[in-house]
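Just so you know, these numbers come straight off a predicted model, no measurement behind them.
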Amino acid sequence: YTLREAKGGTTSNGISYDGKTYTIVTTITDNGDGTLGAAHKLQGAETAEFKNSYNLTPSSSSVTDQIAATKVLDGRDLKDGEFSFELVEGEGEDAKVVATGTNNAEGKITMSAVKYTEAGAHTYTLREAKGGTTSKGITYSDAKFTIVTTITDNGDGTLSVEHKLQNVEKAIFENTYTVTQATSAPVNVQKTFTGRAWETSDAFDFTLTPADDATRDAVKNKVVTQRKATDSDETGDLTTKVEIAGAGDATRSATFGAGDLVFTKSGTYTFNVNETKPTDADKTGIAYDGHTSTVTYTVTDIENGKHTGKLTASVAYDNKQATTDADRQVTDAAAFTNIYAASGTYAGIDVTKTLVGTPLKNGMFPFTIEAMTYNGTTAPEPADTDKSFKNTVGKDDGDDTQTATMSGKLKMNFTQLSYNKVYVYKVSEAHGANAGGYTYDTEYPGDAYVLIAVKPNPDNKGQLYTCLLYTSPSPRDPKTS
């Protein structure tokens, strides 16, 4: 015979059946008394032993398959895989990390699976790596949650795993992200004035306004403020007006307030800078710069692709719409140029010649007009017809006297280049000593000096007028007076 186990060599419901077989030889003997005797002998072994085994199939399970674990970050958006978590069994020196996990961008935490090979119970602590610490602006949650896991033998070679969060419905880890504020220099405006020198009464005004809704809201909500002084930490509203005034260099600059701008959040903040055109601009002779310059502050807490917890600010000036090439090249200020232009005419002077005792005929006496240098200013050259000329025919004045008048000498057109200047001309009668019966004028011994002042019209500085300061023989040299 062969002795064997039913299902031998197979496995079912976790039981591995023994596949051994044993040979048994049975001998039947006639006892001679009408009975039979049977003898069974096991071959090759003393005992026929069948050994079966019960085997459990390991089961892997993650605690987050059954419980909800969430990451919350206040202060900015979460990033996928940004934070790490640990599932710990035991305490103190015996504590062992049995699983790890991370969050996704929506805040869901997923832990790795734990492999179980037998029935039993485990008590775990779910915690955040770096919990209770602060690094690069992040304050990590120190929350800890207890999870009890029960593994049950189902009696069929399988295990069932049950995870239960203790005392709460959800495991929520809440972190906060804060940044240190950034500062940057206040908006700088540059003013260039051409056409004439700046005067004490000159004043040019500028305004600073948010260029978009985001910047406007940031200013309103105090995300962007300004220090009240260079040496103060106290902040307030932004300075939105600045004036550049008084005598000085042709190109000057000023800032909207003295204190730095202060930023408390990342973002792009853009401002417009404009010059204010006065209501009487048409009476000033000044062409005001009407373009808009933009100033953009870029504030970020990211360096090399990572959040640092520290804001930094950079500033860029855009002068592409400026009216001059020089202003368009300016990168450290909002640049504006105003141009003064003015014009005026001078009707000229009358040169008279009087002759006593004989008729004054045309062309009898020659005259010259010469441009002089006075107080460092050289007068414009007279017209050729004024540099050298002769008298016209005289008219009878009675008493055997005749006078000729040469009108309109030194007629000129002036521009802003002559603004507030004084020009001196020397008028000379060309003659030698008394001779030929003529006795020459002794009050004007050959020369007369004419001083012409070119001034702006007080009611409209775009218009120039002239006034004759004096016409007289000069007791001094205009070059040194």
Side-chain angles (χ1 to χ4, degrees), residues 1-70 84-102 104 108-129 144-171:
Y1 300 108
T2 297
L3 180 62
R4 66 188 183 190
E5 181 174 11
K7 299 184 181 180
T10 65
T11 299
S12 177
N13 292 327
I15 300 175
S16 296
Y17 292 86
D18 197 333
K20 291 180 180 178
T21 59
Y22 294 92
T23 300
I24 300 173
V25 174
T26 300
T27 303
I28 310 301
T29 305
D30 185 353
N31 294 324
D33 58 4
T35 63
L36 295 174
H40 308 285
K41 286 188 178 182
L42 183 62
Q43 305 297 303
E46 293 183 359
T47 302
E49 182 179 20
F50 294 89
K51 291 183 179 180
N52 289 1
S53 62
Y54 181 69
N55 300 304
L56 288 170
T57 301
S59 179
S60 294
S61 177
S62 168
V63 293
T64 51
D65 290 342
Q66 298 178 26
I67 66 171
T70 304
S84 300
F85 304 87
E86 298 172 335
L87 188 66
V88 180
E89 187 171 17
E91 296 182 359
E93 294 182 355
D94 296 329
K96 180 181 179 181
V97 177
V98 298
T100 59
T102 60
N104 65 12
K108 182 180 179 181
I109 298 171
T110 301
M111 301 298 294
S112 60
V114 178
K115 183 178 181 180
Y116 299 100
T117 60
E118 60 184 6
H122 300 268
T123 300
Y124 299 120
T125 298
L126 181 61
R127 68 188 184 189
E128 181 170 7
K144 295 179 181 180
F145 298 93
T146 300
I147 299 171
V148 174
T149 298
T150 303
I151 302 95
T152 303
D153 184 349
N154 296 321
D156 59 1
T158 62
L159 296 171
S160 59
V161 181
E162 182 182 44
H163 306 288
K164 286 188 175 181
L165 184 63
Q166 306 297 297
N167 303 320
V168 292
E169 293 183 0
K170 292 182 179 180

task = Provide the closest heavy-atom pair for T47 versus Y22 in the form atom of the first, atom of the second, distance.
result = O-CE2, 3.8 Å

task = Might you point out which heavy atoms bring K170 and L165 nearest each other, and give the distance in Å?
result = C-CD2, 3.6 Å

request  = Supply the atom-to-atom distance T100 OG1 to L87 CG, rounded to the nearest 0.5 angstrom.
outcome  = 9.5 Å

message = For the OH atom on Y1, are there more than 12 heavy atoms of other groups (residues, nucleotides or ligands in this structure) within a distance under 6.0 Å?
response = no

inquiry  = Is it the case that the side chains of T110 and N104 hold a donor-acceptor pair, with the cut-off being a distance below 3.5 Å and no angle test?
reply    = no

query = Which class fits the ring pair Y116 and H122: parallel under 30°, tilted 30 to 60°, perpendicular over 60°?
reply = tilted

ask   = Is the side chain of Q166 donor-acceptor paired with the backbone N or O of K164 at a distance under 3.5 Å, no angle test?
value = yes

key: Point-to-point distance, once rounded to the nearest 0.5 Å, from CD of E5 to OG1 of T10   = 8.0 Å

task = Report the C-alpha separation of F145 and I67 in whole Å, then their side-chain angles, then the decisive distance to 0.1 Å, and conclude whether the side-chain contact (heavy atoms from CB on, under 4.5 Å) test is met.
result = CA-CA 11 Å; F145 298 93; I67 66 171; over 6 Å; no

key: Value rounded to 0.5 Å, distance of NZ in K108 from OG1 in T70   = 9.5 Å

note = Nearest heavy-atom contact between E49 and K20 is O-CD, 4.1 Å

query = With a 4.5 Å heavy-atom cut-off, do T117 and L56 have their side chains touching?
reply = no

key: Residues, nucleotides or ligands: over 12 heavy atoms within 6.0 Å of E91 CD   = no

message = Show the nearest heavy-atom pair for residues V161 and I151, with the distance to one decimal.
response = CG2-CG1, 4.3 Å

message = Quick one, D30 with L36, criterion side-chain contact (heavy atoms from CB on, under 4.5 Å). Give me CA distance, side-chain angles, the key distance, then yes/no.
response = CA-CA 5 Å; D30 185 353; L36 295 174; 4.3 Å; yes

query = Is a side-chain donor or acceptor of E86 paired with a backbone partner of S84 at a separation under 3.5 angstrom?
reply = no

request  = Check step by step if side-chain contact (heavy atoms from CB on, under 4.5 Å) holds for V88 and R127.
outcome  = CA-CA 8 Å; V88 180; R127 68 188 184 189; 3.4 Å; yes

note = Distance col, row Q66:CD vs I147:CD1, nearest 0.5 angstrom, shows 10.0 Å

ask   = Any donor-acceptor pair under 3.5 Å linking the side chain of S59 with the backbone of S160?
value = no

task = Kindly indicate, with the supporting measurements, whether the criterion side-chain contact (heavy atoms from CB on, under 4.5 Å) is fulfilled by T152 and E162.
result = CA-CA 8 Å; T152 303; E162 182 182 44; over 6 Å; no

ask   = Less than 4.5 Å apart, any side-chain heavy atom of T27 and any of K41?
value = no

With sequence neighbours excluded, residues passing side chain to side chain donor-acceptor pair (under 3.5 Å) with T35 = N31, D33

note = Rounded to the nearest 0.5 angstrom, the NZ-CG distance for K51 and D18 is 9.0 Å

request  = Please report the shortest heavy-atom distance between H163 and S61, naming the atom on each side.
outcome  = NE2-OG, 2.8 Å

ask   = G155 and Y54: which non-hydrogen atoms are nearest, and at how many Å?
value = C-OH, 3.1 Å

